[in-house]
There are 2 protein chains.
Amino acid sequence: MSNARLVSQVPDADTASWCNTIIKGDCVSRLELLPEKSVDVVFADPPYNLQLNGDLTRPDQSRVDAVDNDWDQFDSFAAYDAFTRAWLLAVRRVLKPNGTIWVIGSYHNIFRVGSIMQDLGFWMLNDIVWRKANPMPNFRGRRFQNAHETMIWASRDKEARSYTFNYEAMKAANDDLQMRSDWHFPICSGGERLKDESGQKVHPTQKPEALLARVILSSSRPGDVILDPFFGTGTTGAVAKRLGRNYVGIEREDDYIAAATQRIAAVEPLDSLSIRVTAGKRAEPRVPFNTLIESGLLQPGTELTDAKGRYSALVRADGTIAVGNEAASIHRMGARVQGLEACNGWTFWHIRHEGKLQVIDELRRQVRSSMETA
Amino acid sequence: MSNARLVSQVPDADTASWCNTIIKGDCVSRLELLPEKSVDVVFADPPYNLQLNGDLTRPDQSRVDAVDNDWDQFDSFAAYDAFTRAWLLAVRRVLKPNGTIWVIGSYHNIFRVGSIMQDLGFWMLNDIVWRKANPMPNFRGRRFQNAHETMIWASRDKEARSYTFNYEAMKAANDDLQMRSDWHFPICSGGERLKDESGQKVHPTQKPEALLARVILSSSRPGDVILDPFFGTGTTGAVAKRLGRNYVGIEREDDYIAAATQRIAAVEPLDSLSIRVTAGKRAEPRVPFNTLIESGLLQPGTELTDAKGRYSALVRADGTIAVGNEAASIHRMGARVQGLEACNGWTFWHIRHEGKLQVIDELRRQVRSSMETA
DNA sequence: CCGGAAGTTGAATCGAATG
DNA sequence: GCATTCGATTCAACTTCCG
């Protein structure tokens with residue numbers, strides 16, 4: 001695999017040989033070929049174990065093209081459970097300790113998948129509901145229209161603390177409101193839906209790229225490795241490549257592999273500027289309070305107050321602030337004057353600047369900005 | 001139980017002695033007192049087995065009042081599974097062959113509940129998503145906002161063919177479109193939320209009556225018997241009585257029984273079932289900016305400018321826009337480049353389209369119009 | 001000009017949370 | 001060390017209007 005296949009700014013020289021390939025075969029046995037702790041994110045769209053009896057016809061007597069493939073046939077819940085446990089275990093071995101996994105399913109299988117994930121030690125972060133903009137109607141009128149599917153997002157371990165979640169990016173993309181657990185997307189159709197020469201859909205359950213894009217943008221960084229053990233026609237690979245991530249797919253059926261290979265080859269990765277992840281304050285360089293003093297933005301002896309002028313403190317040369325005889329950090333003193341356990345001093349304290357109160361976090365922003373240009 | 005009673009419009013004199021009562025005690029042992037095959041619908045809101053560590057504070061340092069009741073403490077998944085199997089078995093005995101059961105839960109427990117239901121022979125009809133209009137935010141920014149809960153609706157047996165589903169009523173209530181599996185309701189608050197003398201909520205997880213009303217209206221008929229084995233403060237009973245159904249509740253805690261008794265006594269049954277749960281015409285749906293990208297109307301890398309071309313920004317794949325090294329939402333970046341506090345990014349930013357500038361609000365209009373036709 | 005009703009604005013509160 | 005919150009609801013504070 002040449003580095004040229006990967007976009008810039010990503011760790012490329014040491015990308016493993018199996019990256020950005022489709023491995024043919026059964027996912028449990030093929031996963032044994034991958035090193036442990038080597039992938040950042042897993043997206044899995046396993047067989048749903050639909051239990052369909054006979055044909056379903058629309059009110060006009062046309063026949064619904066159901067999922068009746070061999071790969072969705074299981075003899076019992078026990079057989080499906082064993083299958084599920086096996087692939088989840090195999091996937092867990094290759095997942096990094098801080099990696100996360102997504103599994104999508106419907107009410108036919110998602111409860112079994114979720115239980116087994118918990119039994120194996122995965123730690124649930126969210127269940128995400130994909131609300132379909134254009135779901136298939138319920139033709140018999142005996143149930144509610146099945147208008148959603150469910151995704152489970154989980155970390156490899158309960159103890160994982162530094163899994164990737166691009167909170168700020170999701171929030172900014174959602175008009176500055178934090179992203180909820182219910183997502184709204186159309187199903188995969190139109191030009192995006194892969195068809196064969198005779199116009200038949202290549203895969204019965206192809207997922208929309210927009211769904212995968214949000215999955216990947218929320219829980220991975222450029223250059224990460226994303227594994228899809230049920231690759232199908234390669235939606236995960238196509239979106240990963242477009243977004244500057246590495247993929248690895250496992251698939252049994254030659255037809256699907258052929259379609260996915262062709263599809264992914266046609267994908268043009270976005271330039272590196274377009275895929276940069278919006279970082280939250282967590283990722284910004286830490287600026288100690290006394291940097292403000294050292295840089296001359298703030299003089300010792302300056303008076304700090306809260307936004308309403310109820311409390312005041314004096315800046316001291318050593319980077320502490322004083323109230324009466326006591327001195328402490330901006331955070332501890334902010335907490336103490338309010339009688340709270342904790343306080344963010346950067347957003348609590350203000351200075352008087354040209355007659356108006358200005359939060360000292362603004363001074364920190366100026367320091368950071370000058371750090372970048374320096 | 002006579003057939004005549006089943007078709008009457010209201011619960012009447014020949015109802016069994018245990019109907020419209022609250023039975024005190026543990027639900028598994030108390031259910032043994034009820035005759036088998038005697039209830040039409042079960043609604044169950046079992047403990048969720050939340051596994052909370054320590055306190056959670058809001059960004060303003062106020063403390064979140066968590067669910068820390070004894071009844072939600074289990075030693076292990078195995079203990080929770082045994083509890084779940086026991087009450088589901090007991091409930092199944094008293095359910096009529098054509099009866100159905102609803103169980104509500106969250107990702108903490110719903111996968112275990114669903115698996116066990118399938119193992120015991122219940123047959124899933126739908127999973128229903130309750131999308132909360134006003135969920136609690138995620139204060140730490142480490143996950144998606146947990147904005148929904150899940151209900152499972154199942155028949156007692158796979159073979160049940162004549163369970164009750166008021167398809168036409170649901171469709172009529174939904175502006176003549178089939179009722180979908182995703183429902184939208186506010187959480188229980190305001191005057192509906194039961195408070196004690198000191199203003200504290202009586203029950204930590206009281207469900208909204210609107211939710212129960214749709215459950216009952218969709219899956220039962222007037223005069224039916226509805227069992228709630230975790231009665232709590234009696235939402236199921238209050239709504240059942242109002243809608244002309246019989247209820248029977250089982251509850252262990254005296255405080256909850258007292259509150260439920262008083263609450264239900266104050267309920268006036270409706271004289272007509274023409275009252276339906278109105279979904280209410282929603283305001284124009286909010287379209288987050290990244291919907292434009294996800295729908296393909298706007299490509300990452302596209303340049304945005306203001307109407308006079310003084311400022312420009314780059315669209316990124318994650319739904320933010322970038323000016324230089326900084327990225328933010330369309331609104332915040334619009335404000336920043338102008339040096340303002342706020343800005344409506346939808347009307348500020350434009351794209352070049354066929355040689356002319358087009359405001360991105362026009363793209364939003366296109367998305368909304370395609371949502372309507374879908 | 002006074003008193004009270006009625007309407008408006010803004011602050012404060014709080015919710016099944018593996019945080 | 002210091003980052004992190006959304007929407008419904010209620011209540012207090014204030015304004016306006018009318019007799």
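These numbers come from the heavy atoms of this one structure, side chains and all, not from hydrogens, waters or symmetry mates. Predicted, not measured: the structure shown is a model, and the values here were computed from it.
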If you measure from the Lys or Arg side-chain nitrogens to the Asp or Glu carboxylate oxygens, is any gap between Glu168(A) and Lys171(A) under 4.0 Å? no

Once you round it to whole Å, what is the distance between P of dA16(C) and CH2 of Trp71(B)? 10 Å

Using a heavy-atom cut-off of 4.0 Å across all strands, would you classify Thr205(B) as base, sugar-phosphate, or nothing? base

Measure from the side-chain heavy atoms of Arg140(B) and tell me the nearest of dA12(C), dT5(D), dT4(D). dT4(D)

With hydrogens left out and only the distance checked, is there a donor-acceptor pair under 3.5 Å joining Lys132(B)'s side chain and the base of dA8(D)? no

With a 4.0 Å cut-off on heavy atoms, is Lys171(A) in touch with a base, just the backbone sugar-phosphate, or nothing at all? sugar-phosphate

How would you label the contact of Ala147(B) with the nucleic acid (heavy atoms, under 4.0 Å): base, sugar-phosphate, or nothing? nothing

Below 4.0 angstrom, N of the basic side chain to O of the carboxylate: do Asp361(A) and Arg368(A) qualify? no

Nucleotide dT9(D), atom C1' - distance to CE of Met136(B) in whole Å: 15 Å

Looking for any heavy atom pair under 4.0 Å, which part of the strands does Pro135(B) touch: base, sugar-phosphate only, or nothing? base

Test: Glu284(A) and Arg364(A) ion pair at under 4.0 Å: no

Across the strands shown, which category fits Asp45(B) at heavy-atom distances under 4.0 angstrom: base, sugar-phosphate, nothing? base

Can you check the distance between dC18(D) and dC1(C), where both ends of the measurement are the C1' atom (answer in whole Å)? 13 Å

Scan Gln118(A) against the nucleic acid and name what it touches under 4.0 Å (heavy atoms): base, sugar-phosphate only, or nothing. base

Regarding Asp65(B), tell me which of base, sugar-phosphate or nothing describes its non-hydrogen contacts under 4.0 Å with the strands shown. sugar-phosphate

How many Å lie between CZ on Arg63(B) and C1' on dT4(D), as a whole number? 18 Å

Checking all strands, does Pro186(B) fall into the base, sugar-phosphate, or nothing category for heavy-atom contacts under 4.0 angstrom? nothing

Between dT5(D) and dG15(C), how many Å separate the two C1' atoms, rounded to a whole number? 12 Å

For the side chain of Gln178(A), starting at C-beta, report the closest nucleotide among dC2(D), dG7(D), dT5(D). dT5(D)

Minimum heavy-atom separation for Ile110(B) and Phe111(A), please, with both atom names. O-CD2, 3.4 Å

Answer with base, sugar-phosphate or nothing: what part of the nucleic acid does Arg142(B) contact at a heavy-atom distance below 4.0 Å? nothing

Between dA16(C), dG15(C), dT4(D), spot the one nearest the side chain of Tyr48(B), thanks. dA16(C)

Would you classify Pro208(B) as touching base, sugar-phosphate or nothing, given that sugar-phosphate means primed atoms plus P, OP1 and OP2, and contacts are heavy atoms under 4.0 Å? nothing

Please work out whether the ring planes of Trp71(B) and Tyr256(B) are parallel, tilted or perpendicular, with thresholds of 30° and 60°. perpendicular

Quick check: on DNA chain D, is the nucleotide nearest Pro137(B) upstream (toward 5') of the one nearest Glu341(A), or the reverse? Name the residue that is more 5'. Glu341(A)

Is Gly191(B) touching bases, backbone alone, or none of the nucleic acid, heavy atoms closer than 4.0 Å? sugar-phosphate

May I ask you to say what Lys158(A) touches in the nucleic acid, namely base, sugar-phosphate or nothing, with a heavy-atom cut-off under 4.0 Å? nothing

Arg316(A)/Asp318(A) ion pair, N-O < 4.0 Å: yes

Please pick, from dT4(D), dA16(C), dG1(D), the nucleotide with the shortest atom-to-atom distance to any side-chain atom of Gln61(B). dT4(D)

His148(B) NE2 to dA17(C) C1': how many Å, rounded? 14 Å

Side chain of Pro59(B): nearest nucleotide among dT4(D), dG1(D), dG7(D)? dT4(D)

Closest nucleotide of DNA chain D for Gly190(B) versus for Arg364(A): which of these residues is on the 5' side? Arg364(A)

Let's see if you can work this out: which of dC6(D), dA12(C), dA3(D) has an atom nearest to the side-chain heavy atoms of Lys308(A)? dA12(C)

In this structure, are over 12 heavy atoms from other groups packed under 6.0 Å from Gln262(B) atom CD? no

Is there a Watson-Crick or G-U wobble partner for dG10(C) with both distances under 3.5 Å, and which nucleotide is it? dC11(D)

